[in-house]
Amino acid sequence: MSVTRSAGATAAQAKNSRWLELLTRVGFIGYGIVHLLLAWLALQIAFGKSGEEGNQNGALRTLSEQPLGKFVLVAIAIGLFAMAIWQAFQAVIGHQSKTGKERIFERIASVVRVIVFTWLGWTAIKVVRDASANSSQQQQQLTEKLMASDGGRWLVGLAGLVLAAIGVGMVIYGLKKKFERNLKTGEMSRKTQQLTRRLGMVGYAARGAVFAITGLLIVIAAVKYDPEKARGLDAALRTLRDQPYGPWLLSLMALGIAAFGVYCFFQSRYRKV
């Protein structure tokens, strides 16, 4: 029992590390930059001017091509890995203020964030090393392999449904302003709180809509045995563009993603870490 308590105390001490907090806040800034670049790529796709992938991978490659881009990518990667460590602690010993199903949900969400932040940080490192392949093609190839196996189409379809559900949940999370529970709203001025609330609502709703569309495309890919539709976020953005009034709808989506990027900057200052 004493060993368990000692391990818990050590984990709590690491979780409350000042350096981890500072690096995590840097990570939020990097996360915001990635979303602003993604919004720019979405606008380019909307009007047929981008040959780059419309996803986080494409955003990071775009950043790497700018002056001092690779230096910034390294800083972003460090911050993202710090965010992953922070969320790992949250999954294990965090969310103490919540109880029951809400705490279980938050811990599961933290596990998902660990995966996302780690993947994105590693992608940034690969871009710095010029080793980042086209992730949309990789996802399509993986889908083809899964569909060729027994029960593979069911697995792909299930993954699509889960992703779509996450997207819908994200929209609800944003519209109900649940993200404010994780912010130090008491330290904000009235105008800052209003702006942060609006950015969060629009940003989460836009991200959720994109996730939901991506998930539905993966389900369609499984049903129709069409792996080309399972190209992730890039396919979702291009599919939306090809609909009636698609370029304008995608432009609105890009503004929503940009809003989330700016919201991340406010998180860097006011997020409870």
Side-chain angles (χ1 to χ4, degrees), residues 4-38 56 59-60 63 68 70-99 102-125 128 170 173-174 177-197 199-201 203-204 207 259-273:
T4 303
R5 288 180 179 176
S6 177
T10 301
Q13 184 178 5
K15 175 179 176 290
N16 295 324
S17 166
R18 180 61 176 166
W19 277 106
L20 180 59
E21 179 184 347
L22 290 173
L23 290 174
T24 297
R25 296 194 184 282
V26 170
F28 275 117
I29 294 174
Y31 202 46
I33 291 172
V34 170
H35 279 84
L36 288 177
L37 289 171
L38 179 57
Q56 294 91 338
L60 291 170
L63 179 57
L68 298 177
K70 291 190 175 182
F71 172 80
V72 175
L73 276 179
V74 171
I76 288 175
I78 293 172
L80 288 168
F81 287 137
M83 291 173 75
I85 294 171
W86 163 56
Q87 283 298 311
F89 284 128
Q90 289 289 86
V92 177
I93 61 173
H95 308 296
Q96 299 291 340
S97 61
K98 302 175 179 64
T99 58
E102 186 179 13
R103 187 180 183 192
I104 294 174
F105 172 81
E106 289 292 347
R107 284 187 161 185
I108 293 173
S110 288
V111 172
V112 173
R113 294 185 190 111
V114 170
I115 296 171
V116 171
F117 294 148
T118 301
W119 169 78
L120 198 53
W122 178 241
T123 301
I125 294 299
V128 171
M170 201 176 294
Y173 183 83
K177 302 183 284 291
K178 291 185 176 181
F179 54 86
E180 287 189 308
R181 296 176 301 184
N182 297 319
L183 300 175
K184 300 176 182 178
T185 53
E187 298 181 8
M188 298 179 179
S189 67
R190 183 178 178 183
K191 289 184 178 180
T192 299
Q193 187 173 352
Q194 289 177 341
L195 177 59
T196 304
R197 178 182 296 132
L199 288 170
M201 291 176 67
Y204 275 108
R207 289 183 77 230
F260 185 82
V262 178
Y263 169 72
C264 286
F265 297 153
F266 283 94
Q267 283 198 97
S268 176
R269 170 63 179 83
Y270 295 106
R271 187 69 153 84
K272 296 175 183 177
V273 177

Inset, instruction - Check the pair I78 / L23 against side chain to side chain contact (heavy atoms under 4.5 Å, CB included), numbers first and verdict last. - result: CA-CA 7 Å; I78 293 172; L23 290 174; 3.9 Å; yes
For a quick test of reading the model, state the closest non-hydrogen atom pair linking [X] to [Y] and the distance between them.
X	Y	result
V26	A75	CG1-O, 4.2 Å
T24	A82	OG1-O, 3.6 Å
A77	G121	CB-O, 3.7 Å
Y204	Y173	CZ-CE2, 3.8 Å

Evaluate the side-chain proximity of [Y] to [X]: yes if any heavy-atom separation is below 4.5 Å, no if none is.
X	Y	value
R190	Q193	no
L38	F260	no
R113	Q90	no
E180	R197	yes
Y263	T196	yes

Legend entry - Stepwise side chain to side chain contact (heavy atoms under 4.5 Å, CB included) check, V262 with L36: CA-CA 8 Å; V262 178; L36 288 177; 4.2 Å; yes
Legend entry - side chain to side chain contact (heavy atoms under 4.5 Å, CB included) evaluation trace for R25 with L22: CA-CA 5 Å; R25 296 194 184 282; L22 290 173; 5.5 Å; no
Inset, instruction - Please say which of F265, F266, F117 ends up in a ring-ring contact (aromatic ring centres under 6.0 Å, His included) with Y31. - result: F117
Inset, instruction - Take M188 and L183 through the side chain to side chain contact (heavy atoms under 4.5 Å, CB included) test and state the conclusion after the steps. - result: CA-CA 9 Å; M188 298 179 179; L183 300 175; 4.1 Å; yes
[X] [atom1] to [Y] [atom2] distance, which is reported to the nearest 0.5 Å:
X	Y	atom1	atom2	answer
L199	Q194	CG	CD	12.0 Å
L80	F28	CG	CZ	10.0 Å
I76	F71	CD1	CZ	11.0 Å
K184	Y270	NZ	OH	10.5 Å

Side chain of [X], backbone of [Y]: donor and acceptor closer than 3.5 Å?
X	Y	result
R107	V92	yes
K177	G200	no
R271	C264	no

